[in-house]
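This report refers to the structure that appears directly beneath it.
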Amino acid sequence: MSANFKFQISNPVVVALDVDTAAQALALVEQLRGAVGMFKVGKQLFTAAGPDIVRQITAQGERVFLDLKFHDIPNTVAKAGIEAARLGVSIFNVHAAGGSQMLRTVAHEVAAVSEKDGLVRPQILGVTVLTSMTVEAFAELGINRSLAEQVIHLAQLCDAAGIDGVVASPHEITPIRQAVTNPNFIVLTPGVRPAGAALNDQARVMTPAEAIKAGASYLVIGRPIIAANDPRAAAEKILQEIELADSGNV
Ligand code: C5P
């Protein structure tokens, strides 16, 4: 295992439960138990099934990444973050574009309530620039930096505000790690595709092994696992590929 890998959970694969019913999500949890490190509940599943789906997964001893990308005034985001901590999620995320006061407030309030109530403090990640953004969309918003510069700028804002890490493309891991001060800064990366897998709508991909070698802390993988004929076999194959790469054999 690489140094970066050690301080994280032993299995860095976070499977995106991008389905629209609790029944489908729970069936995937059942199939994938022990083969992945965490389950991602995003806007689709959360809106369809509500917070109960998170409780049902954590009640089984499984970890949840709540991917709701909070973005609001500092007080509202902090209150939402506290409820995420009470739900028992291991990770939740916020938009870094909410600004440093929002980032500092959510980090501080969630830590304070977790300490007071004896909760395990969730890790908080900042979303820098959505991968769907283009140079044209940036110009439209009046942002004059390049996409890459803005990613680094927002990662530094998160770092300075006490946010645990960011969500970023695998191609951005190295410059982010060079730009932040926290040696344990988490970089969770989507856009991961096993060699030979369909790209779907992901444009700038890396294989799981490449992303781990590049320093990813967690890999978010959806369709290559959940749409596979045998999701468990697909997850096990990915883990095997990561372990081989991490032991220096590929
Ligand atoms: O199926 P796939 O592996 O592409 O799923 C990736 C997951 O990561 C989806 O839930 C998607 O919403 C999420 N994600 C992403 N790109 C981002 C942020 C999140 O693909 N920049």
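One-based numbering, in listed order, for ligands and for the atoms of each. Values below: every heavy atom of this structure, side chains too, minus hydrogens, waters and symmetry copies.
Using a 4.5 Å cut-off on side-chain heavy atoms (C-beta onward), P231 and I225 make contact. Put simply, the side chain of L119 reaches to within 4.5 Å of the side chain of R86, judged on heavy atoms. Here the side chains of I242 and P12 are in contact, with some heavy-atom distance below 4.5 Å. Put simply, the side chain of V14 does not reach to within 4.5 Å of the side chain of I91, judged on heavy atoms.
Remark: ligand 1 atoms within the under-4.0 Å shell around heavy atoms of D18 are 9 (C), 10 (O). Heavy-atom contacts of V220 reach the following atoms of ligand 1: 7 (C), 8 (O) (cutoff under 4.0 Å). Listed by atom number, the atoms of ligand 1 under 4.0 Å from G222 heavy atoms are 1 (O), 2 (P), 3 (O), 5 (O). Close approach of ligand 1 to I221 (heavy-atom distance below 4.0 Å) involves ligand atoms 3 (O). In the vicinity of R223, heavy-atom distances shorter than 4.0 Å reach the ligand 1 atoms 1 (O), 2 (P), 3 (O), 4 (O). Within the listing of ligand 1, atoms 10 (O) sit less than 4.0 angstrom from a heavy atom of A16.
For the pair D67 and ligand 1, the shortest N or O to N or O distance does not fall below 3.5 Å. In terms of polar-atom proximity, T131 is counted as a contact of ligand 1, with an N or O under 3.5 Å from an N or O of the ligand. Inclusion of R193 in the set of residues having an N or O under 3.5 Å from an N or O of ligand 1 is warranted. Between K40 and ligand 1, at least one N/O pair is under 3.5 Å apart.
Ligand 1 lies less than 4.0 angstrom from a heavy atom belonging to P224. By the 4.0 Å heavy-atom criterion, N200 is excluded from the residues contacting ligand 1. Heavy atoms of L130 come nearer than 4.0 angstrom to ligand 1 in no pair at all.
Here the heavy atom of the protein found nearest to atom 18 (C) of ligand 1 is P190 CG, 3.7 Å. Annotation: atom 6 (C) of ligand 1 to nearest protein heavy atom, Q202 NE2, 3.8 Å.
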- Task: I would like to know whether Q56 and D52 meet side chain to side chain donor-acceptor pair (under 3.5 Å); could you show each step before the answer?
- Result: CA-CA 6 Å; Q56 284 174 290; D52 255 351; over 6 Å; no
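We find the NZ-CD distance between K237 and E241 to be 7.0 Å, quoted to the nearest 0.5 Å.
By the 6.0 Å contact criterion, CG on N144 is open, its count of non-hydrogen atoms from other residues, nucleotides or ligands being 12 or less. Few gaps surround CD on Q44; more than 12 heavy atoms of other groups in view lie less than 6.0 Å from it. More than 12 heavy atoms of other shown residues, nucleotides or ligands fall within 6.0 angstrom of atom CD in E83.
The minimum heavy-atom distance linking P170 with G191 is given by the pair CG-O, 3.8 Å.
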